[in-house]
Amino acid sequence: MLKRASASLFTFAILALVLISFARPNQAGDRIMLAGSTTVLPIVEAASEIYNSEHPGERVLVQGGGSSAGIEAGVTGAANIGMSSRDLKPGEKKLGLTDIPVAVDAIAVIVNNKNSVEKLTKDQVRKVYSGEITNWKELGGLDEEIILVNRDEASGTREAFAKKIMKNSSFAKGAVIQPGSGQVRSIVSTTPGGIGYISLGYVTKDVKAIALDGVEPTVESIAAKRYGLMRTLHFLVKGEQKASVKSFIEFMLSDRVQREIVSKEFLPIKVVTGKS
Amino acid sequence: MSARILRKVFLFCALTAVVSVVLIFIFVAVKGAPIFATAGFTRLFFSMNWDPLKGNFGMLPFIVGSFIVTLGALVLGAPLAIGTAIFLSEIAHDRIKRFIRPSVELLAGIPSVIYGFFGIILLVPLSRMLFGGSGFGLATAWIVLAIMILPTIAAISEDAISAVPPVYRMGSLALGATRWQTIKRVVIPTAMPGIVNAVVLGMGRAIGETMAVLMVLGNAPSVPKSVASPASTLTSAIALDMSYASGVHQTALFAMGLILLAVSMVLITVVRVWSGRVGR
């Protein structure tokens with residue numbers, strides 16, 4: 001009886017050991033941790049796959065969590081690099097973070113394909129989202145109610161939109177709120193009176209991107225800095241980092257990654273800043 | 001010796017539930033309580049202004065939303081469910097029963113995220129066609145929830161109706177009452193406590209449902225103006241904000257959880273008191 005009990009205890013201990021050894025992170029090799037914005041996440045993941053295969057001794061680990069979480073992780077050192085799709089707020093600028101822009105994104109205001117409205121001014125968009133304008137006929141469209149689609153408060157896209165368009169106005173409370181750009185696009189594509197805003201990388205044929213102040217959101221208009229609703233995607237690092245982290249940042253900014261990965265979703269940073 | 005150990009083991013199993021309930025209550029209360037001191041009762045419960053990033057935590061839109069959504073689901077779902085129960089226990093032949101009962105039971109086992117899909121794919125376009133708007137809103141949530149609570153109410157009501165002694169029915173029929181008169185005047189009044197119990201439990205499920213509601217209700221932090229308007233409930237608001245909330249905002253979410261807990265406790269108490277009184 002006792003023997004059997006001790007035998008099963010022994011088996012249990014072995015099992016536990018095996019589990020623990022699985023759970024423990026691989027200490028061998030140099031780890032580079034990134035965390036934050038889910039907008040930036042896809043390009044970093046794609047770049048990290050190439051980087052990992054070319055640098056066998058190093059390991060790039062990427063996780064989401066949102067821009068605010070990314071900035072926080074950069075400050076506390078929970079990640080070597082924080083990713084953010086919004087600029088630092090005044091309070092956050094004092095925390096000793098180095099801001100490294102990695103790409104430029106445009107936010108497109110989208111409407112249903114059946115909508116006859118082709119362009120709006122920033123002021124009109126603000127009035128639509130604050131609830132002052134509620135019918136498309138006030139904007140030169142058909143007599144149809146405007147269905148507002150908004151993002152949740154954790155969204156960096158919402159943050160950027162609020163800053164660039166809403167200024168001091170508040171969002172209308174009656175808007176449909178969705179937790180992702182894909183859902184916003186899906187609702188606008190099926191709702192005749194719908195309006196939403198999403199990252200340019202998410203725009204497809206299912207919806208119509210509106211010209212803002214007369215400028216259509218295209219790679220060309222962003223490059224020329226003519227489109228009025230742009231934002232920079234950032235890497236944020238604190239203090240002096242180890243060589244592997246610097247090397248990954250360099251890799252991210254290299255012509256190859258910017259051309260092969262970044263330009264598929266966003267605008268490469270060099271086109272905008274003119275740096276070489 | 002082994003009997004004593006077994007006793008301990010089973011006692012431990014039973015205590016798990018008690019400890020969990022107590023721990024949940026304590027943690028939610030401790031985490032949620034500070035906001036009552038900082039924001040004040042009135043600014044929490046009687047304010048329409050929910051703007052957490054600016055420090056406004058008016059929860060009234062969510063409380064009203066939960067109430068309207070649950071009420072609508074009950075109005076649609078309860079008659080449907082009770083009708084199903086009456087059909088199954090009083091009217092249906094065995095062959096039809098064998099077909100319908102498993103369907104109702106299957107409905108109870110479908111995960112709520114699937115109900116959400118069903119809502120988005122089928123009911124959202126339907127609601128958009130019938131009532132206008134985006135389709136994400138009250139009407140859609142009502143229908144989804146009505147279907148979700150149907151199996152709960154139907155199963156418990158059927159038990160209650162089946163428990164009515166056959167002699168009651170025979171007596172009624174022998175007095176010359178028709179089948180319908182018997183159901184209406186004898187069977188349903190006798191089974192009433194069980195049916196009420198079923199409806200209250202269905203209500204509990206509707207109030208607590210999160211995922212399906214989050215997917216189809218539109219999540220606007222405002223009191224809906226029409227059946228097509230988007231709205232939020234306590235549960236959907238907590239689920240949407242929990243991923244990023246910190247500080248006072250997080251405390252506010254715990255306070256909303258506390259309200260939910262209190263409401264479900266009241267519901268359970270009502271059921272216990274009611275069924276205890278009638279059973280005596």
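This structure is a prediction, so every number in the text was calculated from the model and none was measured. To find a chain, count down the sequence lines: A is the first, B the second, and so on, and within it residues start at 1.
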Flag for A:S37-A:R86: side-chain donor and acceptor within less than 3.5 Å: no
Non-hydrogen atoms of B:T140 and B:G135 that approach each other most closely: OG1-O, 2.6 Å
Exam field: side chain A:N112 to backbone A:S189, donor-acceptor pair closer than 3.5 Å: yes
Max heavy-atom pair count under 4.5 Å with chain A, selected residue of B:P224, B:P221, B:G132, B:S134: B:S134
Donor-acceptor pair between B:E209 and B:S112 side chains, under 3.5 angstrom: yes
Among A:E145, A:Q178, A:E153, residue most engaged with chain B (heavy-atom pairs, under 4.5 Å): A:E153
Engaged part of A:A175 at the chain B interface, taking heavy atoms whose separation is under 4.5 Å: backbone
Ion pair check, A:K114 and A:E144, cut-off under 4.0 Å: no
Region of B:S229 that comes under 4.5 Å of a non-hydrogen atom in chain A: neither
Which atoms of A:T190 approach chain B - backbone, side chain, both or neither, heavy atom under 4.5 Å: both
A:I177 versus chain B, the contacting section by heavy-atom distance below 4.5 Å: both
